[in-house]
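Structure first, commentary second.
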Amino acid sequence: MALVLNNENGRLQHRRGYVSRDLAGIIVIIAVAAIGYFAFPDNLALLTRMITIALLVLSLDLVTGYCGVATLGHAALFGSGAYAAGVLSAHYGINDPLLMLLAGIAGGVAAGLLSGEIILRAHGLPQLVLSIALIHLFHEFANKASSWTGGSDGLSGIAPDPVLGFFEFDLYGRTAFFFGMTLLLVVFVLLRLLVRSPFGMLCRAIKQDPLRIRAMGGSPKGALIRMYAISGAVAGVGGALNAISTQVVGLDSLSFTQSAEALVMLVLGGTGSLFGALSGTIIFMLFEDYVSAANPFHWLTMVGALLIAVVLFAPKGLYGTAANFIDRRREQRS
């Protein structure tokens with residue numbers, strides 16, 4: 001009886017620890033957003049762009065960080081969501097931001113299921129090659145379907161209505177910023193619940209040893225396909241937000257460069273961690289914006305030097321390395 005009570009108390013303390021960490025994380029996200037809002041009142045478009053890319057990096061973390069799937073074509077999910085929301089507005093006149101958001105989610109899920117079915121047929125390097133081929137196919141399809149997507153000129157004519165009928169998208173970008181922050185917080189909370197759920201733990205186990213999971217009667221591919229669909233929904237939210245906030249969708253949203261940069265941001269912050277995905281996005285985009293303005297001719301060299309330093313001296317990413325250091329200090333004190 002005492003053993004059962006001790007186990008139950010341990011579980012409760014474990015859950016409370018998770019809840020306290022989640023609340024602390026949400027408070028930090030809100031604080032960072034508030035600092036950014038007051039520090040860059042004339043550049044809210046950059047902050048909104050950071051939110052859209054953060055959603056893409058979070059979606060990438062689900063399949064790469066938590067499931068171990070190697071991909072360099074994740075922008076296909078992001079771009080599909082952006083085009084789905086944009087087409088709904090530009091061609092069908094449905095300008096409600098929430099309906100455009102749902103269209104983006106649907107587009108991202110569809111692209112996620114298609115990508116997952118193809119990419120998961122291989123492993124390792126062939127898997128990476130398939131993902132690169134997919135992003136180029138998505139890009140070329142969007143370019144050729146110019147009557148729907150605008151081709152290389154981009155999809156214009158997107159005119160979102162006020163959010164809930166009250167909050168108009170102004171030139172200063174305030175509504176887009178707050179709308180994006182709301183979406184980011186909701187998605188972050190849902191993903192925190194997801195990665196700690198039995199399904200999330202199953203995906204982590206598949207990453208560690210898929211053969212054992214299969215021997216136990218599990219279906220690794222089925223679980224990974226479901227995670228790809230969830231990842232597509234998250235990326236679709238980011239793509240739809242991008243279409244709503246900028247009111248244009250270009251081929252760059254389906255570019256290989258976008259996919260590669262998302263992977264770089266994830267590695268910079270730390271894979272297998274939602275906080276790492278967010279911190280990597282913020283650090284990379286702020287650093288890129290600062291050094292490109294300070295030195296327009298050699299900023300890529302500075303970005304490359306930063307990435308080399310992180311990979312060599314903080315292989316778990318900046319957030320992952322800092323978190324491990326703090327945990328070790330706590331263990332030493334206790």
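Just so it is clear, the structure is predicted and the values come from calculations on it, not from any experiment. Heavy-atom basis, side chains included; hydrogens, waters and symmetry copies ignored.
- The aromatic rings of H91 and W148 lie tilted to each other, with the angle between the two planes from 30° to 60°.
- Cluster membership check: L190 does not share its hydrophobic cluster with L62, using side-chain heavy-atom separations under 4.5 Å among Ile, Leu, Val, Met, Phe, Trp and Tyr.
- A donor-acceptor pair under 3.5 Å links the side-chain atoms of D96 to the main chain of L99, judged by distance alone.
- Here the closest non-hydrogen pair linking D161 and P97 is O-CG, 3.1 Å.
- Taking the side chain to side chain contact (heavy atoms under 4.5 Å, CB included) definition, one finds that A223 meets it with F199, L202, I206, R226, sequence neighbours left out.
- Annotation: F178 is in aromatic contact with Y37 [ring centroid separation under 6.0 Å].
- What you find for M181 and I29 is that their closest heavy atoms are CE-CG2, 3.8 Å.
- For S59, the side chain to side chain donor-acceptor pair (under 3.5 Å) criterion is met by H74, not counting sequence neighbours.
- In this structure, T52 contributes its side chain and G238 its backbone to no donor-acceptor pair below 3.5 Å.
- No more than 12 heavy atoms of other residues, nucleotides or ligands shown are found within 6.0 angstrom of NZ on K316.
- Side-chain N or O atoms of S253 include none that pairs as donor or acceptor with a backbone N or O of G79 at under 3.5 Å.
- The CG atom of L56 sits 8.5 Å away from the OG atom of S231 when rounded to the nearest 0.5 Å.
- Here the options are T271, V195, L191, the test is side-chain contact (heavy atoms from CB on, under 4.5 Å), and the partner is Y66; only V195 passes.
- Cluster annotation: V186 is not connected to L184 through the hydrophobic network of ILVMFWY side chains, with a link wherever side-chain heavy atoms come within less than 4.5 Å.
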- Message: side-chain contact (heavy atoms from CB on, under 4.5 Å), that's the test. Do I135 and Q258 meet it? Break it down for me.
- Response: CA-CA 10 Å; I135 188 62; Q258 184 75 79; over 6 Å; no
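- Between the side chain of N242 and the backbone N or O of V249, no donor-acceptor pair lies under 3.5 Å.
- Taking CD1 of I53 as the reference point, atom CG of L58 lies at 11.5 Å (rounded to 0.5 Å).
- If you run side-chain contact (heavy atoms from CB on, under 4.5 Å) between T71 and each of L60, L128, I132, only L60 comes through.
- Classification of the Y319-F275 ring pair by plane angle, with boundaries at 30° and 60°, yields tilted.
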- Task: Apply side-chain contact (heavy atoms from CB on, under 4.5 Å) to the pair L102 and L98, showing each step before the final yes or no.
- Result: CA-CA 6 Å; L102 291 177; L98 298 181; 5.8 Å; no
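- No chain of hydrophobic side-chain contacts below 4.5 Å, direct or via other Ile, Leu, Val, Met, Phe, Trp or Tyr residues, connects L318 to F313.
- With a 6.0 Å radius and a threshold of 12 heavy atoms from other residues, nucleotides or ligands, F287 has its CZ atom above the threshold.
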